[in-house]
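Step one of this worksheet: look at the structure below.
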Amino acid sequence: MLHERNARFKGRASSRVFCVYAETQETAERYLKEAQSVLDLYEKLFQRSNFLPATPAQILIYGSEEDYLKYEHIPAGVVGHTHAARSKKMTIVKRGHLHSIEPVTSSNIKDHRLATYRQDVPYVFAHEVSHILTYELVNPGRTSSMKDIETSLFLNEGLAEFFSARLYPDGFEKRLEVLRETYKITPLTAESQIKDISLSDQFEKVREIRLEDYLKKDAYPTGADILRFYSEATLFMQWLMQLPGGSELVSALLVTPDARQMEAQLRHHQRKHNMPVTGWEQYQPFRKQVLLTARKNPPAEPAQPQASPNP
């Protein structure tokens, strides 16, 4: 099966940091450019990020969802996935009179792999590239630690969605629609304002969320909850990144293990930038206003189906 799969990848495009395999050369070159666009934006927003892997990140772009599911052995509904981990090698270890072969982790050499399938709008692809870059941001090559830092699932997915939405804004609107449907909200337009239907009159429709419940999740929700999880993560990251020094704050939160410590980090950031020191409370009015305000120029047709959970 591996030989059969590899025979399909006739196109190859590579750079210092990415190597893309696809069924055609044109597709491989297109996705290499897409990956570089994500990297350029990432390094622009996170000044201290420096993605220079020892070997290029391996990217597989299948020609169809059917092939992707078949050869990657991925459950239906997962439309893209990444793997980022420190490389391991085998060594012989002697303990007393006994010898054993054991894996040894290399702290500076990492393996990065991404797989998805070709889509007209590569929203999911940008999301997955962001996961690789976030892994490197919190586990830089210069670190001497042998253990990876694990980020909050909610923050990690939200950040990946943030970069996808920056490159393909229609995706952000589709995430908002999931939440609007949850609360049965019809966003207000300029015409609504003329009729004296104010945002404040509609605020009670949007139930506030407990961010701690999302930030401490260590597994993906199931069923319809997964879409709300991604949508909440998307909106929350939009709020964090638009704050003064937003990327600096997100960098700190990504390496903070506990949800309560995260709020303490936020309060410290609020004091530093002369904002009201209200912690997570500051997010709620932003969230409500975005959900209750219609986009000025909504797209005629959605550019991409609702993304499914992406590990």
Side-chain angles (χ1 to χ4, degrees), residues 38 75-82 116 119 121-131 134 151-188 199 202-243 246 250 253-254 259 262 280-296 298-299 301-311:
V38 180
V78 178
V79 295
H81 67 282
T82 59
T116 185
Q119 296 170 318
V121 179
Y123 185 91
V124 171
F125 178 71
H127 176 114
E128 297 301 334
V129 173
S130 298
H131 277 316
T134 297
T151 65
S152 158
L153 190 64
F154 187 65
L155 291 178
N156 201 322
E157 294 298 346
L159 189 56
E161 286 288 308
F162 174 82
F163 281 99
S164 293
R166 283 290 296 267
L167 294 170
Y168 308 102
D170 288 346
F172 179 57
E173 289 300 311
K174 291 198 297 293
R175 291 303 193 199
L176 294 183
E177 285 306 311
V178 171
L179 299 178
R180 286 170 179 152
E181 290 175 10
T182 299
Y183 302 112
K184 311 300 181 192
I185 296 170
T186 301
L188 299 180
L199 287 174
Q202 303 295 313
F203 262 29
E204 293 306 315
K205 284 188 176 182
V206 185
R207 177 174 51 83
E208 293 189 356
I209 62 168
R210 279 179 49 83
L211 280 167
E212 293 84 353
D213 293 340
Y214 284 92
L215 290 165
K216 67 185 181 182
K217 281 186 179 296
D218 57 4
Y220 290 95
T222 58
D225 289 340
I226 187 66
L227 295 181
R228 287 193 289 271
F229 178 82
Y230 271 75
S231 300
E232 291 286 3
T234 304
L235 184 52
F236 181 59
M237 188 56 64
Q238 289 282 340
W239 174 68
L240 288 176
M241 290 294 286
Q242 59 85 42
L243 292 174
V250 170
L253 294 179
L254 285 170
M262 290 181 196
W280 299 136
E281 288 182 18
Q282 195 178 83
Y283 170 60
Q284 304 295 346
F286 170 89
R287 175 175 176 268
K288 290 184 177 184
Q289 183 165 1
V290 172
L291 292 176
L292 291 168
T293 305
R295 185 178 179 182
K296 292 181 180 179
E301 294 291 338
Q304 169 82 10
Q306 182 67 53
S308 298
N310 309 313

Is there a donor-acceptor pair closer than 3.5 Å between any side-chain N or O of Ser152 and the backbone N or O of Leu215?
yes

Could you tell me whether Glu281 atom CD has more than 12 heavy atoms of other residues or ligands within 6.0 Å of it?
no

What distance separates Phe162 CZ from Leu235 CG, expressed to the nearest 0.5 Å?
12.0 Å

Working to the nearest 0.5 angstrom, can you tell me the gap between Met237 CE and Phe172 CZ?
12.0 Å

Tyr220/Asp225 under side chain to side chain contact (heavy atoms under 4.5 Å, CB included): CA gap, chis, key distance, verdict:
CA-CA 9 Å; Tyr220 290 95; Asp225 289 340; over 6 Å; no

Side chains of Val121 and Asp170: closer than 4.5 Å at any heavy-atom pair?
no

Heavy-atom closest pair (Leu243 atom, Gln282 atom, distance to 0.1 Å) is CD2-OE1, 3.7 Å

Report yes if the side chains of Lys288 and Glu208 come closer than 4.5 Å at any heavy-atom pair, otherwise no.
yes

When every non-hydrogen atom of Ser164 is compared with those of Ala126, the smallest separation belongs to OG-C, 3.6 Å

Look at the side chain of Gln284 and the backbone N and O of Ile209, then say whether any donor-acceptor pair between them is shorter than 3.5 Å.
yes

Residues passing the ring-ring contact (aromatic ring centres under 6.0 Å, His included) test with Phe236, sequence neighbours excluded, are Phe154, Trp239, Trp280, Tyr283

Determine the minimum heavy-atom distance between Thr293 and Gln289, stating which atoms define it.
OG1-O, 2.7 Å

Look only at the side chain of Thr82 and the backbone of Val129, and say whether a donor-acceptor pair between them is shorter than 3.5 Å.
no

Rounded distance (nearest 0.5 Å) linking atom CD of Gln238 with atom CG of Leu159:
10.5 Å

Glu161 and His127 side chains, donor-acceptor separation under 3.5 Å:
yes

Non-neighbouring partners of Arg287 that pass side-chain hydrogen bond (donor to acceptor under 3.5 Å, both in side chains), sequence neighbours left out
Tyr183, Glu232

Enter the distance from Glu128:CD to Thr116:OG1 here, rounded to the nearest 0.5 Å.
6.5 Å

Checking side chain to side chain contact (heavy atoms under 4.5 Å, CB included) for the pair Asp218/Leu153: CA distance, chi angles, key distance, verdict?
CA-CA 6 Å; Asp218 57 4; Leu153 190 64; over 6 Å; no

Less than 4.0 Å between a side-chain N and a carboxylate O, is that true for Lys174 and Glu177?
no

Euclidean distance, Lys216 NZ relative to Glu212 CD, rounded to 0.5 Å
8.0 Å

Measure the shortest side-chain to side-chain distance between Leu155 and Val250 over non-hydrogen atoms and say whether it is less than 4.5 angstrom.
no

Flag for Thr151-Asn156: side-chain donor and acceptor within less than 3.5 Å:
yes

Mind listing the closest non-hydrogen atom pair of Met262 and Leu253 along with its distance?
O-CD2, 3.4 Å

So which heavy atom on Leu179 is nearest to which on Ser231, and how close?
CG-CB, 3.7 Å

If I take atom CZ from residue Arg166 and atom CE from residue Met241, how far apart are they, to the nearest 0.5 angstrom?
7.0 Å

Check Arg180 against Leu291 and note the closest heavy-atom contact, atom names and distance.
NE-O, 2.8 Å

